[in-house]
Protein chains: 2
Amino acid sequence: MSEAHDVLFRTLADPTRRALFERLCREGERTVGALTERAGVSQPVVSKHLGLLKQAGLVRDRHQGRHTYYSAQLGALAPLVDWTSEMAGFWQSRFDDLEDLLKRMDQ
Amino acid sequence: MSEAHDVLFRTLADPTRRALFERLCREGERTVGALTERAGVSQPVVSKHLGLLKQAGLVRDRHQGRHTYYSAQLGALAPLVDWTSEMAGFWQSRFDDLEDLLKRMDQ
DNA sequence: TCAATCCATAGCCAACCAGGTATGAGTCCG
DNA sequence: CGGACTCATACCTGGTTGGCTATGGATTGA
């Protein structure tokens, strides 16, 4: 029941968390401290969100001294794209069925 | 802050709600009663979820006698596709920047 | 008209979770 | 070594919400 896109929807549903992921996509690799600035929430909260993003495969971390650099893993969005494509596909096939039906009725 | 894709992520994050939308995509127009079967939850819960899906623009309803028919509005997924494309675009442009940098360094 | 059916709303409750503060582990520098 | 800094974890709490039952409005059919 719970497939690959489930964790993505659940993880990206939170605005704060999604904003962090967006910043990593826009700005590239960043430290926790840099992300905390203008995040609107405290540093521990940022860390927790980054942990969930990492658990979802949306980001990866790299330790260097005192700093932890996070970066977006864009490939992780694939199941999301697949899901939307699948939904569109169902819709399209039903549309095709209707067209077929109309075409057969036309004869 | 809260843009078009926000409500979509929030609405589709719930598994039960997403399953209802999926069924409407796969099977086409259905009544509340038909959706309640094999939904795993009670009818009022199904009605509430359908209400939220409607509020998000993901489904539309049509009343006919005692029945209410719901159907998927696939176009509503567009902001989701746009968002993923935008994220991919940022990633790609940063990759291009890196390539440019490497190219210039190579000279 | 009266019973049955379909659906939505209201009210309630338990579970989840995003936010905070406190704190500790690890690292750099003087 | 000692202090400052970076980050993660632990713990608590208030708000949100997904589930339920109860109920009522609307419609159909006998």
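Computation of the quantities below employed the complete heavy-atom set of this structure, encompassing side-chain atoms and omitting hydrogens, waters and symmetry-equivalent molecules. Reminder, nothing fancy here: chain letters follow the sequence lines and each chain counts from 1.
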Any pair counted as side chain to side chain donor-acceptor pair (under 3.5 Å), so long as it reaches residues 30-39 of chain B, sequence neighbours left out: B/Glu27-B/Arg30

Shared hydrophobic cluster for B/Leu52 and B/Val32 (ILVMFWY, side-chain gaps under 4.5 Å): no

Heavy-atom donor-acceptor pair, B/Thr84 side chain to B/Val81 backbone, under 3.5 Å: yes

Cluster link A/Tyr69 to A/Leu35, ILVMFWY, side chain under 4.5 Å: no

Under-4.0 Å salt bridge between B/Arg60 and B/Glu29: no

Rounded distance (Å) that lies between atom P of C/dT5 and atom CD of B/Glu37: 14 Å

Residues B/Arg10, A/Asp14: salt bridge by 4.0 Å N-O rule: no

C/dA8 phosphate, OP1 or OP2, under 4.0 Å from B/Tyr70 side-chain N/O: yes

Sugar-phosphate only, base, or nothing, as touched by B/Tyr69 at under 4.0 Å among non-hydrogen atoms: nothing

Spacing between B/His63 atom NE2 and D/dG25 atom C1', to the nearest angstrom: 13 Å

Side chain to side chain donor-acceptor pair (under 3.5 Å) evaluation trace for B/Trp83 with B/Glu3: CA-CA 10 Å; B/Trp83 183 85; B/Glu3 313 201 17; over 6 Å; no

Sugar-phosphate only, base, or nothing, as touched by A/Thr68 at under 4.0 Å among non-hydrogen atoms: sugar-phosphate

Working for salt bridge (charged side-chain N to carboxylate O under 4.0 Å, His left out), residues A/Glu86 and B/Arg26: CA-CA 9 Å; A/Glu86 198 180 356; B/Arg26 292 174 187 267; 3.7 Å; yes

Base-contact (B) and sugar-phosphate-only (S) positions in nucleotides 13-27 of chain C, heavy-atom cut-off under 4.0 Å, - elsewhere: -----BBBBB---BB

N/O (side chain, B/His67) to phosphate O (OP1/OP2, D/dT27) under 4.0 Å: no

Bend angle of the helix from C/dT1-D/dA30 to C/dG30-D/dC1, from helix axes over five pairs at each end, nearest 10°: 20°

A/Asp61 CG - D/dT9 C1' separation (whole Å): 15 Å

Smallest separation among heavy atoms of B/Thr16 and B/His49, with atom names: CG2-CD2, 3.8 Å

Distance in angstrom units between B/Gln55 CD and C/dA8 C1', rounded: 14 Å

